[in-house]
Amino acid sequence: MGAREFLDTLRAWKERYDGLDEGDVHHTEKVTYVDTFQDGGFYTLAADVASHPSRMVQHCNVSFQLTGIPLDTQPLRHVFEQFDAVGTGYFRPMTAKAVTRDWLPEPLPLEVIGYLVSHDPFPFDELDLADDEAADLPKPPDEWVIGIVAKNPLRDSDVASAPDGWPGELESSGIIVCSLRSHHR
């Protein structure tokens, strides 16, 4: 999902609560957004957002994981200033991997309950094709599936449990979000 979908989802908070009793709605929503930079590295935004009309943000954390050492830190310091966070912004070298991948010992079947869809068009203009070659290509879809949302097979399961070293929250979450290796129509 991209930045546009993230913002649309934040704005549609009332729709998430339609049909729920007031006692069933938690006082905050935990949101996390992760995106990559074109030249490498990534950033995360994590916050607690009030589940009532004020939509007040609490405990917001932004983390930039950059490749190399920025020679000019002024742009990042400007971001800190915009959020009145000059005193809490700092730089530190990464001494270990920020993201690790691991595999389950055996595949588990997933019950897909949703798709993560990108509305970004395929960048035909980035292809180095002659006009007649581009005309022969089929029109790309307007939407690409880039991930799935599935019921968590590790939650309350007698069949499987999370491997050692995996986050304990994995066994308590009702859903998991899976990135796909390539995009699909």
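Count residues from 1 along the sequence.
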*Closest contact, heavy atoms only, Pro109 versus Pro153*: O-CB, 4.0 Å
*Can you find a pair of side-chain heavy atoms, one from Asp8 and one from Phe6, that are under 4.5 Å apart?*
no
*Distance, nearest 0.5 Å, that separates CG of Leu10 from OH of Tyr33*: 11.0 Å
_Quick one, Val149 and Ile176 - any side-chain contact, counting heavy atoms below 4.5 Å?_
no
*Which residues satisfy the salt bridge (charged side-chain N to carboxylate O under 4.0 Å, His left out) test with Glu111, sequence neighbours excluded?*
Lys151
*Mind checking whether Tyr43 and Phe37 have ring centres under 6.0 Å apart?*
yes
*side-chain contact (heavy atoms from CB on, under 4.5 Å) assessment of Leu108 paired with Leu154*: CA-CA 9 Å; Leu108 290 174; Leu154 301 176; 3.5 Å; yes
*Hydrophobic cluster membership, Val112 vs Val117, 4.5 Å side-chain cutoff*: yes
_Partners meeting side-chain hydrogen bond (donor to acceptor under 3.5 Å, both in side chains) with Glu81 (sequence neighbours left out)_ = none
_Val49 vs Trp13 side-chain heavy atoms within contact, under 4.5 Å_ = no
*Thr44 and Val62: side-chain contact (heavy atoms from CB on, under 4.5 Å), yes or no, with the steps?*
CA-CA 6 Å; Thr44 58; Val62 178; over 6 Å; no
_Donor-acceptor pair, distance only, cut-off 3.5 Å: does the side chain of Asn152 make one with the backbone of Ser173?_
yes
*What's the shortest heavy-atom distance between Cys60 and Leu45, and which atoms?*
SG-CD1, 3.5 Å
*May I ask you to test the Glu29-Arg55 pair for a side-chain heavy-atom distance under 4.5 Å?*
yes
*Which distance, rounded to the nearest 0.5 Å, do you find between the OG1 of Thr36 and the CD of Gln65?*
13.0 Å
_Shortest non-hydrogen contact from Ala47 toward Val57_ = CB-CG1, 3.8 Å
*With Lys30, which residues qualify under side-chain hydrogen bond (donor to acceptor under 3.5 Å, both in side chains), at least two apart?*
Asp48
*Would a 4.5 Å heavy-atom cut-off, applied to side chains only, mark Val34 and Thr32 as touching?*
yes
_So if I apply the side-chain contact (heavy atoms from CB on, under 4.5 Å) rule between Leu116 and each of Val145, Val177, Ile148, which one comes out positive?_
Val177
